[in-house]
Number of protein chains: 2
Amino acid sequence: MRPLYLQVRDALAERIAKGEWKPGAAIANEGDLAREFGVSSGTMRKALDLLEGQHLVTRRQGRGTFVNDQSSEDLVLRFTNIRAPNGDRLEGEVRSPKITEGAANGAECARLCLAPGDKVYRIGRIRQKDNKPFMFEGACLPAALFPGLKEKSTLTHSIVSLAQKYGILLGKAEERISVGTTSPDVAAALSMAPGIPVTVLDRVVRAIDGRPVEWRVAWCDLADNHYVALMA
Amino acid sequence: MRPLYLQVRDALAERIAKGEWKPGAAIANEGDLAREFGVSSGTMRKALDLLEGQHLVTRRQGRGTFVNDQSSEDLVLRFTNIRAPNGDRLEGEVRSPKITEGAANGAECARLCLAPGDKVYRIGRIRQKDNKPFMFEGACLPAALFPGLKEKSTLTHSIVSLAQKYGILLGKAEERISVGTTSPDVAAALSMAPGIPVTVLDRVVRAIDGRPVEWRVAWCDLADNHYVALMA
DNA sequence: AAGTGGTCTAGACCACTCA
DNA sequence: GAGTGGTCTAGACCACTTG
């Protein structure tokens, strides 16, 4: 039997994913929730602790428990590890975004755990700071998770807030960092010469249940900026 | 008042740090420990949960709670984010290690939170795999934390097991990744030409209480290998 | 003063491991 | 079957925030 506190956590998470509880709203207190679900307050507490660890709620003593807004700056920048010289996370502004739809190729199937023939959306964009491009990125998302993404004009450029719009709760991500050389496209996008070494960031973002949600490869020039990784 | 479970956790951690409980040994069961400390089993449990999250103990249902051996492969490689092409963490073999002692310079004082004049040990080493050097690193450690390190022949090349020997419990680390060019020394160590772009890993490892324990700067060639960062 | 989350208790019972 | 950690309960009391 699956532990009760996990079942309760998942039930609560689903309410948040479905928008039944809106971002920023307060949810009922522990006691009431416990009664509603027919569990003890200790069990409900453990479930809420887990939700907080997953960045889904914030609890403040004396005030209450609140649903997190995934489009808040802190959460949006959660997977943005590039930092400006001053140490701030560097999102930059997006230039010339492009989106296309198509069948996933071999690499995409492998990285996103898709079956051959599954549809994906591919997004290309350039990020710049002070009119100076520092990153060219290509993202690939399973079309099944983001129905109608191409047609929507709501295109946000953060996988975090995008996932919130589509009711997907994000979990962990892993990023592979290596060194490559500028292909002609990348060189053009970053105003560099072709064949120059650049840093390649290869990232997979997963949903709370482990399913891959986005595969992104970014080419960037780390001359001015740097990358920060934390280890627990 | 500091929560009881934190006080208990610290008391248990100290026993481990001091070697009162040896790595690999089983410790008393929750009930006995709770009685010994005069707390409820729930509180003792919470303290043990925290210790497990800090990689200090491992608990196995039906068997008991065991003190972790920090020199076990999993824990030693905790801060080793360079990976071989096959995905394994790449520690490599150490070649031509050198250790010196001296007063910390400005940068070292800043990164290690030392006062001017405090002594440090500086260790230089080359790491290679299959006789091919891939990383040149310079580490700097506060001498106060590692008394007599220079004289000891026990020089291990992992900060994790070294800390265990000196009764220091490690907590988090952060690594800054940027791109630099090979200085003459680095070029020689890595058998590369000078002035070539290399990846620079700048890492600070902290103790459980947040004090910096090691500042390491590593220059490496990511042509064959790559770096992996995880995001929660 | 009322309401919230945070701590703490003192159990019971379950799931697992091992002799 | 004995012993362990894992789950779950049903409270009490504390610390904090707000009206």
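A note on names: the letters A, B, ... follow the listed sequences, proteins ahead of strands, and every chain is numbered from 1.
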- prompt: When you check every protein heavy atom under 4.0 Å of nucleotides 8-19 of chain D, what one-letter string (B, S, -) results, 5' to 3'?
  reply: SB-----BBBS-
message: For B:Lys129, is there an ion pair with B:Glu93 - N to carboxylate O distance below 4.0 angstrom?
response: no
- request: Can you establish whether the number of heavy atoms outside B:Glu73 located under 6.0 Å from its atom CD is more than 12?
  value: no
Do the side-chain N and O atoms of [X] and [Y] include a donor-acceptor pair separated by under 3.5 angstrom?
| X | Y | value |
| --- | --- | --- |
| B:Tyr227 | A:Glu175 | no |
| B:Arg95 | B:Gln128 | yes |
| B:Ser71 | B:Asp69 | yes |

Just how far, in rounded Å, is [atom2] of [N] from [atom1] of [X]?
| X | N | atom1 | atom2 | result |
| --- | --- | --- | --- | --- |
| B:Leu50 | C:dG6 | CG | P | 14 Å |
| A:Phe66 | C:dT4 | CZ | P | 11 Å |
| B:Arg59 | D:dG6 | CZ | C1' | 9 Å |
| B:Leu48 | D:dG6 | CG | P | 9 Å |

field: Residue pair A:Asp32, A:Arg35: steps toward the salt bridge (Lys or Arg N to Asp or Glu O under 4.0 Å) verdict
entry: CA-CA 5 Å; A:Asp32 289 350; A:Arg35 268 183 293 281; 2.8 Å; yes
message: Quick check on D:dT4: is either OP1 or OP2 less than 4.0 Å from any side-chain nitrogen or oxygen of B:Asn29?
response: yes
